[in-house]
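Notes follow once the structure below has been shown.
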Amino acid sequence: NKRFAGGRLSLQGALTDRLGAFSLFGVQRANFDRENPSFGLTRRDTLYDVTAGVTWSFAAGWSLRPQVSYFKNNSNIPLYEYDKTDVSVNVRKDF
């Protein structure tokens with residue numbers, strides 16, 4: 001079990017009538033309730049994430065959304081520390 005708290009900031013805007021941009025920033029702190037028996041420590045993590053991308057409306061009801069996300073988890077137990085980058089492209093059809 002863990003207690004956690006955090007925040008997120010989102011920014012989004014139109015660059016043209018068919019092109020928009022967005023960015024997301026987040027942070028989450030987590031404090032676990034029990035001591036990890038393998039390490040003799042009570043785990044504490046801080047997760048940071050940043051996402052940026054664009055949305056292109058290329059036809060009526062259709063959009064393409066490429067984005068890149070970066071995640072960084074800091075922990076007082078090194079096994080749980082990581083960095084991750086994710087690149088994705090989403091195609092959307094609105095009905």
Side-chain angles (χ1 to χ4, degrees):
N1 294 339
K2 68 177 176 179
R3 294 177 315 278
F4 62 92
R8 180 162 300 283
L9 173 65
S10 301
L11 302 171
Q12 182 175 341
L15 303 175
T16 68
D17 61 333
R18 298 180 67 167
L19 189 65
F22 61 92
S23 58
L24 310 165
F25 307 93
V27 63
Q28 177 183 297
R29 297 211 20 118
N31 295 314
F32 289 73
D33 291 339
R34 296 188 185 129
E35 182 178 287
N36 184 313
S38 298
F39 299 100
L41 296 170
T42 301
R43 183 175 162 192
R44 290 180 173 69
D45 290 2
T46 304
L47 174 66
Y48 302 94
D49 66 274
V50 178
T51 300
V54 295
T55 303
W56 173 45
S57 299
F58 60 90
W62 285 94
S63 62
L64 184 71
R65 181 176 143 154
Q67 68 181 44
V68 61
S69 299
Y70 174 73
F71 304 89
K72 179 168 183 61
N73 193 66
N74 292 329
S75 179
N76 65 327
I77 300 176
L79 177 67
Y80 298 108
E81 291 190 346
Y82 64 88
D83 294 283
K84 178 174 107 170
T85 302
D86 180 70
V87 177
S88 62
V89 177
N90 301 294
V91 178
R92 178 176 168 156
K93 171 64 176 153
D94 292 324
F95 297 95

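Here OG of Ser23 is found 7.0 Å from CG of Leu9. Values are rounded to the nearest 0.5 Å. Interatomic distance, Leu24 CG to Ser10 OG, rounded to the nearest 0.5 Å: 4.5 Å. Atom CZ of Arg43 sits about 5.5 Å away from atom OH of Tyr80, to the nearest 0.5 Å. Distance check: Trp56 CH2 to Ser63 OG gives 10.5 Å after rounding to the nearest 0.5 Å. Distance CG/Leu41 to CG/Asn76: 5.5 Å, rounded to 0.5 Å. Between Arg44 atom CZ and Arg3 atom CZ the span is 7.5 Å, to the nearest 0.5 Å.
Without hydrogens or angle criteria, Thr16 side chain to Leu19 main chain gives a donor-acceptor distance under 3.5 Å. Put simply, the side chain of Glu81 gets close to the backbone of Ser75: a donor and an acceptor are under 3.5 Å apart.
Applying the side-chain contact (heavy atoms from CB on, under 4.5 Å) criterion to Thr85, with sequence neighbours excluded, gives Val68, Tyr70.
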Would you sort out whether Phe71 and Val50 count as a side-chain contact (heavy atoms from CB on, under 4.5 Å), showing the intermediate values?
-> CA-CA 7 Å; Phe71 304 89; Val50 178; over 6 Å; no
Walk me through it: do Asn74 and Tyr48 pass the test side-chain contact (heavy atoms from CB on, under 4.5 Å)?
-> CA-CA 8 Å; Asn74 292 329; Tyr48 302 94; 3.5 Å; yes
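A continuous path of hydrophobic side-chain contacts links Val91 to Val54 [ILVMFWY only; heavy atoms under 4.5 Å]. Hydrophobic clustering (ILVMFWY, side-chain heavy atoms < 4.5 Å, transitive): Leu15 and Leu11 are in distinct clusters.
Annotation: Phe4, atom CZ; neighbour count of heavy atoms from other residues, nucleotides and ligands within 6.0 Å does not exceed 12.
Looking only at side-chain heavy atoms (C-beta outward), Arg92 and Asp94 come within less than 4.5 Å of each other. Counting heavy atoms from C-beta on, the side chains of Thr46 and Asn73 never come closer than 4.5 Å.
Under 3.5 Å, the side chains of Thr55 and Arg65 contain no donor-acceptor pair of N or O atoms.
In this structure, Lys2 does not pair ionically with Asp45, as no charged nitrogen and carboxylate oxygen lie closer than 4.0 Å.
Of all heavy-atom pairs between Phe32 and Thr42, the closest is O-CG2, 3.0 Å. Minimum heavy-atom separation, Arg8 to Asp49: NH1-OD2, 2.9 Å.
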